[in-house]
Amino acid sequence: MSRYRPPGAPKAAYITKEGADKLLAELKYLWKEKRPAVTQSVSDAAKLGDRSENAEYIYGKKQLREIDRRVRYLEKRLDQCTVVDRLPIDRSTVFFGAWVTLEDDDGQQERFRIVGPDEIDHHEHYISMDSPVAKALLKRREGDEVTLRRAGGERTFFIEAIEYVEP
């Protein structure tokens with residue numbers, strides 16, 4: 001059995017200023033605070049003797065590998081991403097960074113912000129620009145009708161509002 005996994009689809013290389021700041025803050029925390037603390041605990045555990053049966057040492061080494069993997073990912077991703085820190089000229093059209101309010105036939109409203117794929121875990125109403133919903137919304141205008149495939153089947157929504165937040 002092979003451990004090879006084919007590479008996933010490439011992520012969009014855009015990120016909002018606030019998303020980039022959060023990733024940078026995570027990188028600084030991992031590198032300046034978490035890693036030194038874990039390194040010290042591994043060093044202390046190593047001084048206790050037999051490392052092969054020392055759970056603190058084994059777990060600490062595993063934590064270091066996970067931290068190093070995340071640090072490498074964040075550094076690489078921040079280098080690849082383009083920070084979108086200005087508003088579009090045409091604010092009546094859905095572009096990256098827009099807050100979009102949708103209304104269905106029953107009058108129920110949903111509000112989403114279209115952001116980069118690295119930001120969707122920071123807020124429950126953020127959707128990745130790579131998602132099918134965002135792809136259907138991009139370049140649409142207020143009042144446009146959009147048909148989206150969802151878990152319950154296809155549903156039709158109307159774009160009620162498009163808003164942009166000053167970076």
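Nothing fancy with the numbering, it's 1 onward along the sequence.
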(message) Ring-plane angle category for Y126 and H123, please: parallel below 30°, perpendicular beyond 60°, tilted otherwise.
(response) parallel
(request) Tell me, please, which residues at least two apart from E154 pass salt bridge (Lys or Arg N to Asp or Glu O under 4.0 Å). (result) R149
(message) Restricting to side chain to side chain contact (heavy atoms under 4.5 Å, CB included), what partner residues turn up for E66, sequence neighbours left out?
(response) K62, R69
(message) Side chains of L102 and I159, heavy atoms from C-beta outward: is any pair under 4.5 Å?
(response) yes
(request) Return the set of residues passing side chain to side chain contact (heavy atoms under 4.5 Å, CB included) with Y59 (not counting sequence neighbours), or none when no residue passes. (result) Q63
(message) Test of understanding: with side chain to side chain contact (heavy atoms under 4.5 Å, CB included), list the residues that count as partners of A13, not counting sequence neighbours.
(response) none
(request) State which residues pass side-chain hydrogen bond (donor to acceptor under 3.5 Å, both in side chains) with R70; sequence neighbours excluded, sorted by chain then number. (result) E26
(request) Sorted by first residue and then second, give each salt bridge (charged side-chain N to carboxylate O under 4.0 Å, His left out) pair with at least one member in residues 27-39; sequence neighbours left out. (result) R35-D68
(message) Hydrophobic clustering (ILVMFWY, side-chain heavy atoms < 4.5 Å, transitive) - are V146 and F96 grouped together?
(response) yes
(request) Determine the minimum heavy-atom distance between T93 and Y164, stating which atoms define it. (result) O-OH, 2.5 Å
(request) Name all residues meeting the salt bridge (Lys or Arg N to Asp or Glu O under 4.0 Å) criterion together with D44; count only those two or more places apart in sequence or in a different chain, and write none if there are none. (result) none
(message) Would you say that V71 contacts I67 through its side chain, given a criterion of any heavy-atom pair below 4.5 Å between the two side chains?
(response) yes
(request) Would you mind checking if D118 and K22 are paired as a salt bridge, meaning a charged N to carboxylate O distance below 4.0 Å? (result) no
(request) For E75, enumerate each residue passing the salt bridge (Lys or Arg N to Asp or Glu O under 4.0 Å) test, keeping only those at least two apart in sequence or located in another chain. (result) none
(request) Would you indicate whether W99, at its atom CH2, is surrounded by more than 12 heavy atoms from other residues, nucleotides or ligands within a distance under 6.0 Å? (result) yes
(message) Could you measure the distance from the CG atom of L74 to the CG atom of L78? Nearest 0.5 Å is fine.
(response) 6.0 Å
(request) Answer whether the closest heavy-atom distance between the side chains of Y57 and V42 falls below 4.5 Å. (result) yes
(message) According to a hydrophobic-cluster definition based on side-chain heavy atoms being under 4.5 Å apart (Ile, Leu, Val, Met, Phe, Trp, Tyr only), do F158 and L148 belong together?
(response) no
(request) Mind listing the closest non-hydrogen atom pair of D144 and R141 along with its distance? (result) OD2-N, 2.9 Å
(message) If I compare all heavy atoms of Y14 with all of P117, which pair ends up nearest, and what's the gap?
(response) O-CD, 4.3 Å
(request) Would you indicate whether the side-chain heavy atoms of T82 and I15 approach each other to under 4.5 Å? (result) no
(message) Distance check, rounded to the nearest 0.5 Å: S131 atom OG versus L138 atom CG?
(response) 8.5 Å
(request) First locate atom CD of E142, then atom CZ of R91, and finally report the distance between them rounded to the nearest 0.5 Å. (result) 13.5 Å
(request) Write down the atom of A98, the atom of I162, and the distance for their closest heavy-atom approach. (result) CB-CG2, 4.2 Å
(request) Please say whether more than 12 non-hydrogen atoms of neighbouring residues, nucleotides or ligands are located less than 6.0 Å from CD in E56. (result) no
(request) Applying side-chain hydrogen bond (donor to acceptor under 3.5 Å, both in side chains), name anything that partners Q80, two or more places apart in sequence or on another chain. (result) R77
(request) Using a cut-off of 6.0 Å, state whether more than 12 heavy atoms not belonging to I89 lie near its atom CD1. (result) no
(request) Can you sort out the partners of D130 under side-chain hydrogen bond (donor to acceptor under 3.5 Å, both in side chains), two or more places apart, ordered by chain and number? (result) none
(request) Output the distance between atom CZ (R140) and atom OG (S92), rounded to the nearest 0.5 Å. (result) 14.0 Å
(message) Can you give me the closest heavy-atom contact between I114 and A134, atom names plus distance?
(response) CG2-CB, 4.1 Å
(request) Any chance you could measure L27, atom CG, to R72, atom CZ, to the nearest 0.5 Å? (result) 12.5 Å
(message) Are E166 and L87 packed together at the side-chain level, in the sense that at least one heavy-atom pair is separated by less than 4.5 angstrom?
(response) yes
(request) Please name all residues satisfying side chain to side chain contact (heavy atoms under 4.5 Å, CB included) with D104, sequence neighbours left out, ordered by chain then number. (result) D106, Q108, R155, F157
(request) Output the distance between atom CG (L23) and atom SG (C81), rounded to the nearest 0.5 Å. (result) 7.5 Å
(message) Restricting to non-hydrogen atoms, name the atom on V83 and the atom on A20 that form the minimum distance, rounded to 0.1 Å.
(response) CG2-CB, 3.9 Å
(message) Checking Q109 now: which residues fulfil side-chain hydrogen bond (donor to acceptor under 3.5 Å, both in side chains) with it, not counting sequence neighbours?
(response) E103
